Amino acid sequence: MTPDFIDIYTDGACKGNPGPGGWGALLRFGEQEKELFGGEANTTNNRMELMGVIAALEALKRPCKAVVHTDSQYVQKGISEWIHGWKKKGWITAAKQPVKNADLWKRLDALVAQHEVEWRWVRGHSGHPENERADQLANRGVASLAQIG
């Protein structure tokens, strides 16, 4: 394992869609782990899925080789397939509509350009230990909103 290789597990949660939401990320660097979570009062599940990945990549202090594990096909397909067409068309979808969450997609695109990222989809809520931990962190993000308000 090279010293700059990191595994990232992310998830998003939303209580209502839109509604209060949270994101979580578990970063694993060799034997070291870091947990991140946060939330927003009025958001969507897709925005929280994106924020989990964005927060994890923003936490990296230098360019890394990262494997991002997500249960969100929206994130995985969006960043590896759909984004190329969106950028060519000026952030307009094939249906000639503005890309939803373009602000977050642009942030993620800029972060991905700084790192060597591999995307892996995992089935959510299927007993995958790190995905379950990311889900718990996302729910902590939602719960943290109640403590603020």
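Because only heavy atoms are used, hydrogens play no part in the values below, and waters and symmetry mates are left out as well, while side chains stay in. Since the structure is predicted, the reported quantities are computational estimates derived from the model, not experimental observations. Starting from 1, each residue takes its place in the sequence as its number.
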same_hphob_cluster(Leu50, Phe37) at 4.5 Å side-chain heavy-atom cutoff: no

Counterpart residues, salt bridge (charged side-chain N to carboxylate O under 4.0 Å, His left out), relative to Glu58 (two or more places apart): Arg107

Heavy-atom pair with the smallest gap, counting every atom of Cys14 and Gly16: SG-O, 3.0 Å

Selection residues 8-31 - residue pairs positive for salt bridge (Lys or Arg N to Asp or Glu O under 4.0 Å), sequence neighbours left out: Arg28-Glu33, Arg28-Glu130

CA sep, side-chain torsions, deciding dist, call: Ile92, Val99, side-chain contact (heavy atoms from CB on, under 4.5 Å): CA-CA 5 Å; Ile92 300 296; Val99 171; 5.8 Å; no

Test item: His115 side-chain N/O and Cys64 main-chain N/O as donor-acceptor pair under 3.5 Å: yes

pair Arg120-Gln76: side-chain heavy atoms closer than 4.5 Å: no

Distance-minimising heavy-atom pair for Phe29 and Arg62: CZ-NH2, 4.0 Å

Minimal non-hydrogen separation, Ala134 against Thr10, with atom names: CB-C, 3.7 Å

Partners meeting ring pair (Phe, Tyr, Trp, His ring centres under 6.0 Å) with His69 (sequence neighbours left out): Tyr9

Over all atoms of both residues, closest heavy-atom pair of Ile8 and Ala56: CG2-CB, 3.5 Å

Within residues 81-95 or reaching into it, pairs that qualify as side-chain hydrogen bond (donor to acceptor under 3.5 Å, both in side chains) - sequence neighbours excluded: Lys87-Asp109

Listed once per pair and sorted, the salt bridge (Lys or Arg N to Asp or Glu O under 4.0 Å) pairs that draw on residues 40-56, sequence neighbours left out: Arg47-Asp103

Side chain to side chain donor-acceptor pair (under 3.5 Å) involving Gln114 - partner list, sequence neighbours excluded: none

Cluster overlap Met51 with Leu137, hydrophobic side-chain contacts below 4.5 Å: no

Single-linkage hydrophobic cluster, 4.5 Å side-chain cutoff, Val142 and Met48 together: no

Main-chain N/O of Asp135 paired to Asn139 side chain as donor or acceptor, under 3.5 Å: yes

Partner residues of Pro18 under the side chain to side chain contact (heavy atoms under 4.5 Å, CB included) criterion, sequence neighbours left out: Asn42, Thr44

Spacing of Leu60 atom CG and Leu111 atom CG [to the nearest 0.5 Å]: 8.5 Å

Side chain to side chain contact (heavy atoms under 4.5 Å, CB included) partners of Gln73, counting only residues at least two apart: Lys77, Trp121

All side chain to side chain contact (heavy atoms under 4.5 Å, CB included) counterparts of Ala59, not counting sequence neighbours: Leu27, Leu36

Minimum side-chain heavy-atom gap Trp119-Val67 below 4.5 Å: no

Minimal non-hydrogen separation, Ser72 against Thr70, with atom names: N-OG1, 3.0 Å

Hphob cluster co-occupancy, Leu26 + Ile54, side-chain heavy atoms under 4.5 angstrom: no

Non-hydrogen atoms of Ile79 and Trp105 that approach each other most closely: N-CZ3, 3.5 Å

Heavy-atom donor-acceptor pair, Asp71 side chain to Val122 backbone, under 3.5 Å: no

Cationic N near anionic O, under 4.0 Å, Lys65 to Glu118: no

